[in-house]
Structures are given as C-alpha cells and as structure tokens.
Colleague: 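Okay, here's the structure, questions in a sec.
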Amino acid sequence: MKIAIAGHICLDIIPRFEQKFSTRGTLFIPGTLSEIGGAVLATGGAVSNTGIALQRLGLPVSLMAKVGDDDFGQIILNILCRQDASLAEGMIVSSGAETSYSVVINLPGIDRMFLHCPGVNIMERR
C-alpha cells in the first residue's frame, strides 16, 4: 500500500544572489543589468514537497501530478527520477501543454517573491 500525493507540481527556478541588493537599489530598474550567480532547479508544489518529505521518512508514496511535454516537464521528471525512479511513475505528461514553474526571488534579508506560471495546473477556461 502506498500513500498517494496528488495535485500541483512545478519547477522552481531559484537564482543565487551573491551580493546584497537593496529593495530600493538597481535590481529591478528597467534597462539595467544586474549580475547574479547560478540558478538552482528544484521541484516545488504540494505534490513534490509533501511526497519527497514522506519518502525521505521511509514511507511508500506515489506522486500524481501533471506536467507538460516541454523542457520544464522533462526537468521535473529527471529531478524526481534522481531522487527515486518510482516517484515519476504516476506523473501525467500532457502533450502540447506548458509545465508550471516559479521563479523564486530570494534576496537576503527580504521575504521571498514568486513569479508563477500555473501551466497545466490551471483549469481550462470556457
């Protein structure tokens, strides 16, 4: 028997800020170039956060979420497979759909900000 974790999954893109930026500084002024460090790619959303935590605690889990057949979807599946190949088995790959992603702006000393694309996780509007 496995614990099923179903719902939202996304790719978190987390740029590394190696220098301190002021909230009133030049970081987000149009036309400027701000040098930052490399980025971390991680899975985010309730499915991966809860499912991977439970799996690390030794519990059997099955993840169920939808990704697109784009590069971001493939990255999510690769991250899950590196953790444990069985984590990707219940994932649905939706042809022609965009995978959900978030750009996580994590400046030192300031609460995080998220730029989020819900992708395949948003219900189709009629």
Colleague: Can you hop from Val93 to Leu11 via hydrophobic side chains spaced under 4.5 Å?
Modeller: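 Looking at the clustering, Leu11 is in the same group as Val93.
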Colleague: When the side chains of residues 111-120 are checked against the rest of the protein, which donor-acceptor pairs come out under 3.5 Å, sequence neighbours left out?
Modeller:
unit_1 : atom_1 : unit_2 : atom_2 : d
His116 : ND1    : Tyr101 : O      : 3.3
His116 : ND1    : Ser102 : OG     : 2.7

Colleague: Going from OG on Ser48 to CD1 on Ile5, what distance comes out if it is rounded to the nearest 0.5 angstrom?
Modeller: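 Rounded to the nearest 0.5 Å, the OG-CD1 separation comes to 10.5 Å.
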Colleague: Between Pro15 and Ile36, which heavy-atom pair has the shortest distance, and what is it?
Modeller: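 Minimum heavy-atom separation between Pro15 and Ile36: CB-CD1, 3.4 Å.
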Colleague: At what distance, to the nearest 0.5 angstrom, does CG of Asp69 lie from CD1 of Ile92?
Modeller: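 Answer rounded to 0.5 Å: 13.5 Å.
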Colleague: Can you check whether Arg16's main-chain N or O pairs, donor with acceptor, with Asn106's side chain at less than 3.5 Å?
Modeller: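 No; zero donor-acceptor contacts below 3.5 Å.
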Colleague: Give, for atom CG of Asn78 and atom OG1 of Thr43, the distance between the pair rounded to the nearest 0.5 Å.
Modeller: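 So the CG of Asn78 and the OG1 of Thr43 are separated by 12.0 Å.
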Colleague: Does Asp70 reach the main-chain N or O of Thr99 with its side chain, forming a donor-acceptor pair under 3.5 Å?
Modeller: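 Side chain of Asp70 to backbone of Thr99: a pair is present.
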Colleague: Are Ile14 and Phe72 co-members of a hydrophobic cluster defined by side-chain heavy atoms under 4.5 Å apart?
Modeller: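 No, no single cluster joins them.
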Colleague: Would you say CD of Gln83 has more than 12 non-hydrogen atoms from neighbouring residues, nucleotides or ligands within 6.0 angstrom?
Modeller: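 For Gln83, atom CD is crowded (more than 12 foreign heavy atoms under 6.0 Å).
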Colleague: Is the shortest side-chain heavy-atom distance between Ile52 and Val61 below 4.5 Å?
Modeller: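 They are not in contact (no side-chain heavy atoms under 4.5 Å apart), so the answer is no.
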Colleague: Rounded to the nearest 0.5 Å, how far does CG of Leu80 lie from CD of Glu89?
Modeller: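 Here the rounded value is 11.0 Å.
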Colleague: To the closest 0.5 Å, what do you measure between NE2 (His8) and CG (Asn49)?
Modeller: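 Atom-to-atom, His8:NE2 and Asn49:CG are 10.0 Å apart.
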Colleague: Show the nearest heavy-atom pair for residues Ile9 and Ser100, with the distance to one decimal.
Modeller: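 For Ile9 versus Ser100, the nearest heavy atoms are O-CB, 3.6 Å.
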Colleague: Could you tell me whether the side chain of Ile105 reaches within less than 4.5 Å of the side chain of Ile110, counting heavy atoms only?
Modeller: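 They are not in side-chain contact.
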Colleague: What pair of heavy atoms forms the shortest contact from Val47 to Met64, and how long is it?
Modeller: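 Of all heavy-atom pairs spanning Val47 and Met64, the closest is CG2-O, 3.8 Å.
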Colleague: Which atoms form the tightest heavy-atom contact between Gly73 and Val67, and what is the distance?
Modeller: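 Taking every non-hydrogen atom into account, CA-CB, 3.9 Å.
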Colleague: With rounding to the nearest 0.5 Å, note down the distance linking OG1 in Thr50 to CG in Leu63.
Modeller: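 Answer for the OG1-CG pair, Thr50 versus Leu63, is 9.5 Å.
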Colleague: Between Leu41 and Ile13, is any pair of side-chain heavy atoms under 4.5 Å apart?
Modeller: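 Yes, their side chains come closer than 4.5 Å.
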